[in-house]
Number of protein chains: 2
Amino acid sequence: MPRVAASTEKKITALLKRQALSVTESRKRILQYFLDQPGALSHGDIEKKVGTTFDRVTIYRTLQTFVDRGLIHTIPSADNAVRYALCKDECGDGHHRHEHIHFVCQQCHHTFCLDEVVTPVLKLPKGYSPRQVEVLVQGKCKDCTETAKK
Amino acid sequence: MPRVAASTEKKITALLKRQALSVTESRKRILQYFLDQPGALSHGDIEKKVGTTFDRVTIYRTLQTFVDRGLIHTIPSADNAVRYALCKDECGDGHHRHEHIHFVCQQCHHTFCLDEVVTPVLKLPKGYSPRQVEVLVQGKCKDCTETAKK
DNA sequence: GAATTTTTTGCAACTATGTTGCTATTTTGG
DNA sequence: CCAAAATAGCAACATAGTTGCAAAAAATTC
């Protein structure tokens with residue numbers, strides 16, 4: 001019996017229900033995919049993974065729904081491929097609260113949330129009112145640095 | 001006689017020549033467009049402006065060339081529309097040096113380089129080596145704040 | 001300054017990405 | 001299990017980005 005899988009399934013269902021979302025196959029699979037890996041995912045990544053099972057349009061709409069409900073957040077990119085990552089509990093229906101920065105590895109091309117690094121407070125020129133600060137760091141990630149040493 | 005226009009023309013030609021680029025109509029017009037306004041431009045913006053005169057493909061290639069030669073730099077976005085802005089003199093063929101942050105106005109949707117705001121130095125978790133830091137601030141820009149007051 | 005070489009452009013065709021309207025299917029709640 | 005509501009899939013479309021190739025323009029050479 002797949003005990004672990006069953007418990008993940010429950011967790012996923014709970015997450016969806018908490019946001020008053022219908023529990024559908026596509027939503028479960030896509031959410032599962034996010035939980036199964038540590039990084040951020042683009043629409044393309046998800047389509048490659050489940051594109052034969054679900055329609056492209058369904059994936060677009062699912063991602064949009066997840067963003068709206070505060071399950072995932074978007075991460076800007078320099079390559080026209082917006083990525084999505086799971087939110088922490090503070091986010092919810094219609095609002096996001098994120099203070100962390102994002103890291104893009106130039107070697108493995110994965111994107112990660114660095115939850116422990118808080119976005120800095122910036123002094124802007126007179127007249128500019130900041131509402132949200134997004135920090136995107138490019139470099140070499142932990143895994144790639146470690147495997148390089150071996 | 002269009003004295004100003006003529007001097008701009010010379011400036012543009014000089015900019016192109018400095019990077020050992022052929023001086024062509026499309027390159028002049030696109031560079032002109034960047035100089036004529038203070039913000040950042042997306043491929044779409046440029047196509048709207050000069051798309052009847054020049055082919056879409058030419059615009060793509062021109063932008064890529066300008067990036068390669070250090071004339072313009074890319075600005076990541078959260079909406080799958082990478083923007084480009086003029087570089088300062090420190091950039092050149094094959095290398096970019098940018099320490100400034102970018103500001104996206106949520107009202108007028110323009111993107112600006114805030115050259116006077118330097119990207120912060122961040123303390124990253126062990127194992128992560130940063131190579132480049134990109135800061136994207138969203139909020140209300142100077143112009144939109146001022147016009148709102150009236 | 002004309003001829004030759006080199007570079008760039010435009011076109012066509014194609015792939016990828018993202019959107020919308022509508023109908024069929026699934027999910028939910030009684 | 002049934003009716004209502006929500007979601008998924010399909011088709012068609014719109015936009016974005018790429019590649020190869022021949023024609024045109026710019027740079028170079030004499």
Side-chain angles (χ1 to χ4, degrees), chain A residues 9-10 12-33 40-69 71-72 74-84 93 109 111, chain B residues 9-10 12-33 40-69 71-72 74-84 93 109 111:
Chain A
E9 169 103 26
K10 283 213 174 156
I12 287 170
T13 303
L15 269 172
L16 291 172
K17 289 220 167 141
R18 191 192 302 172
Q19 305 301 332
L21 286 172
S22 303
V23 179
T24 68
E25 277 309 305
S26 59
R27 286 177 183 168
K28 283 195 285 183
R29 276 287 291 282
I30 292 172
L31 199 45
Q32 175 88 60
Y33 188 17
L41 299 171
S42 67
H43 175 274
D45 295 332
I46 296 166
E47 196 178 333
K48 279 191 199 84
K49 186 84 170 186
V50 301
T52 49
T53 316
F54 305 111
D55 195 84
R56 277 163 17 85
V57 178
T58 300
I59 299 173
Y60 280 113
R61 291 200 267 229
T62 302
L63 289 171
Q64 190 54 58
T65 304
F66 285 180
V67 171
D68 292 344
R69 298 305 173 95
L71 280 170
I72 61 177
T74 58
I75 303 171
S77 85
D79 66 345
N80 277 336
V82 168
R83 288 174 179 80
Y84 304 86
D93 199 338
H109 300 290
T111 299
Chain B
E9 168 102 27
K10 282 213 175 155
I12 287 169
T13 302
L15 269 171
L16 291 171
K17 287 219 167 143
R18 191 191 304 171
Q19 306 302 332
L21 286 172
S22 303
V23 178
T24 68
E25 278 309 306
S26 58
R27 286 177 183 168
K28 282 194 285 182
R29 275 287 292 282
I30 292 172
L31 198 46
Q32 174 89 63
Y33 188 16
L41 298 171
S42 67
H43 175 272
D45 293 332
I46 296 165
E47 198 180 333
K48 277 188 201 86
K49 187 83 169 187
V50 301
T52 48
T53 316
F54 305 110
D55 196 82
R56 277 162 18 83
V57 178
T58 300
I59 300 173
Y60 280 114
R61 292 198 269 227
T62 303
L63 289 171
Q64 190 55 57
T65 304
F66 284 1
V67 170
D68 293 344
R69 298 303 173 96
L71 280 171
I72 60 177
T74 59
I75 304 171
S77 85
D79 66 344
N80 276 334
V82 168
R83 287 173 180 80
Y84 304 86
D93 201 336
H109 302 289
T111 298

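A note on names: the letters A, B, ... follow the listed sequences, proteins ahead of strands, and every chain is numbered from 1. What you see below is based on every heavy atom in this structure, not just the backbone, and it leaves out hydrogens, waters and symmetry mates.
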Q: Rounded to whole Å, how long is the line connecting atom CG of B:Asp55 with atom C1' of D:dC21?
A: 14 Å
Q: With nearest nucleotide decided by heavy atoms, which residue, A:Arg61 or B:Val57, maps closer to the 5′ end of DNA chain D?
A: A:Arg61
Q: Rounding to an integer number of Å, can you tell me how far A:Tyr84 OH sits from C:dT17 P?
A: 12 Å
Q: Between the base of C:dG10 and the side chain of B:Arg56, is there a donor-acceptor distance below 3.5 Å?
A: no
Q: Evaluate whether atom NZ of B:Lys28 has more than 12 neighbouring non-hydrogen atoms of other residues, nucleotides or ligands under 6.0 angstrom away.
A: yes
Q: Of B:Leu21 and B:His43, whose nearest nucleotide on DNA chain D comes first from the 5' end?
A: B:His43
Q: Between the side chains of A:Asp68 and A:Thr65, is a donor N or O closer than 3.5 angstrom to an acceptor N or O?
A: no
Q: Let me know the distance between NZ of A:Lys17 and C1' of D:dA6, rounded to the nearest Å.
A: 15 Å
Q: For A:Asp79 and D:dG17, what is the distance between atoms CG and P respectively, to the nearest whole Å?
A: 11 Å
Q: Once you round it to whole Å, what is the distance between P of C:dC11 and CD1 of B:Ile59?
A: 12 Å
Q: Classify the nucleic acid contact of B:Thr65 as base, sugar-phosphate or nothing, counting any heavy atom under 4.0 Å across all strands shown.
A: nothing
Q: Where each residue is assigned the nucleotide of DNA chain C containing its nearest heavy atom, which of B:Asn80 and B:Ser26 is assigned the position nearer the 5′ end?
A: B:Ser26
